Amino acid sequence: MTRAQALAVYNSLLDKYGLQYWWPGETRFEVMVGAVLTQNTAWINVERAIARLKQADCLSPEAILARQPARLAELIRSAGYFNVKARRLQQFCAWYQAAGEYRRFRYWSTARLRAALLMVNGVGPETADDILLYAFDRPVFVIDAYTRRVFGRLGMIAGDEPYEVIRAQFEQALGADVALFKEYHALIVVHGKDVCRSKPRCGQCSLASRCPTAQGNDPCDMHVEGRAHSA
DNA sequence: ACCCAGGGTCATA
DNA sequence: TATGACCATGGG
């Protein structure tokens, strides 16, 4: 995609929804925790989990590492996958603490920091990029399910390309612009929740995952999303 | 009752 | 490289 196309969509979304001021969170560390907790999970349930962590005075690397896994899991219960995420949070904190915490990363290149994050078990490409962009202010464009869906339906990408392919397209079209990347990703998510909430559906029966012919699905365009499929 | 959410890992082919 | 099973709560 060209820079003009990418900016045209951004301006359209900005015009419709306004600035979002992402990522929600009081500290950089809270952003990192939120990035892990929000994996395949509605944000409202992450907020509850973070509130409980704060309430238990358990929102620091030391406190998270000091707590027994099962006891950490009960604090983040509302975020789902609590056993898995408790382990992931502790693994992330162990790495973060061993690496020397935030100020130590100041002179790391973005590429080096990204590679290090991806080495942590439980941190995949999107979680790493959330942390890089919103906690470390690095110019990395976050690709998530909404990005694939929205731009797929606009016909600007296929939607099922590998993560790195799509990320490179956005970064090459837009250049390195942290403030723009932050707002753009936020707007994509907000717009996705607004009009592209359902996953692509089979054009025949309106079923999603369980439809036998779902592979040849004909996802509705973002402008007609919400209209019922005929049976 | 089904679908979905601001994914990632691991085993398997 | 690419699927599939698995993780699990809470809201629509």
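None of the values given here were measured: they were computed from a predicted structure. Here is how names work: the chains are called A, B, and so on, in the same order as the sequence lines, proteins then strands, and each is numbered from 1. Just the heavy atoms: all of them, side chains too, but no hydrogens, waters or symmetry mates, feed the values below.
Heavy atoms from other residues, nucleotides or ligands lying under 6.0 Å from CD of A:Glu62 number more than 12.
Ion pairing between a basic and an acidic side chain is recognised when a charged N comes within 4.0 Å of a carboxylate O; A:Arg167 and A:Glu164 show such pairing.
Rounded to whole Å, the P atom of C:dA8 lies 14 Å from the corresponding atom of B:dC10. One C1' atom belongs to B:dC4, the other to C:dC7, and the distance between them is 15 Å to the nearest Å. With both ends at atom P, the span from B:dG6 to C:dG12 equals 12 Å, rounded to whole Å. Separating the C1' atom of C:dG11 from that of B:dA1 is a span of 15 Å, rounded to the nearest Å. When the P atom is compared between C:dA5 and B:dC3, the two are found 15 Å apart, to the nearest whole Å.
Spacing between atom NE2 of A:His191 and atom C1' of B:dG6 amounts to 15 Å, rounded to whole angstrom units. If you measure from atom CZ of A:Arg77 to atom P of C:dG11, you get 11 Å, rounded to the nearest angstrom. Distance CG (A:Asp144) to P (B:dA5): 10 Å, rounded to an integer number of Å. Taking atom CZ of A:Arg88 as the reference point, atom C1' of B:dT9 lies 6 Å away to the nearest angstrom.
If you check B:dA1 for Watson-Crick or wobble pairing at under 3.5 angstrom, you find it has no partner at all.
For the pair A:Tyr134 and A:Gly122, both in contact range of DNA chain B, the more 5′-proximal nearest nucleotide belongs to A:Tyr134. If you find the closest nucleotide of DNA chain B to A:Asn45 and to A:Val120, the one lying nearer the 5' end belongs to A:Asn45.
With distances taken from any side-chain atom of A:Phe82 to the nucleotides B:dG6, C:dG10, C:dA8, the minimum falls on C:dA8. Comparing C:dG10, C:dC7, B:dG6 against the side chain of A:Val84 picks out C:dC7 as the nearest.
A donor-acceptor contact closer than 3.5 angstrom is absent between the side chains of A:Trp95 and A:Gln91.
Note on ring orientation: taking the six-membered ring where Trp is involved, the planes of A:Trp22 and A:His185 are perpendicular (angle over 60°, cut-offs 30° and 60°).
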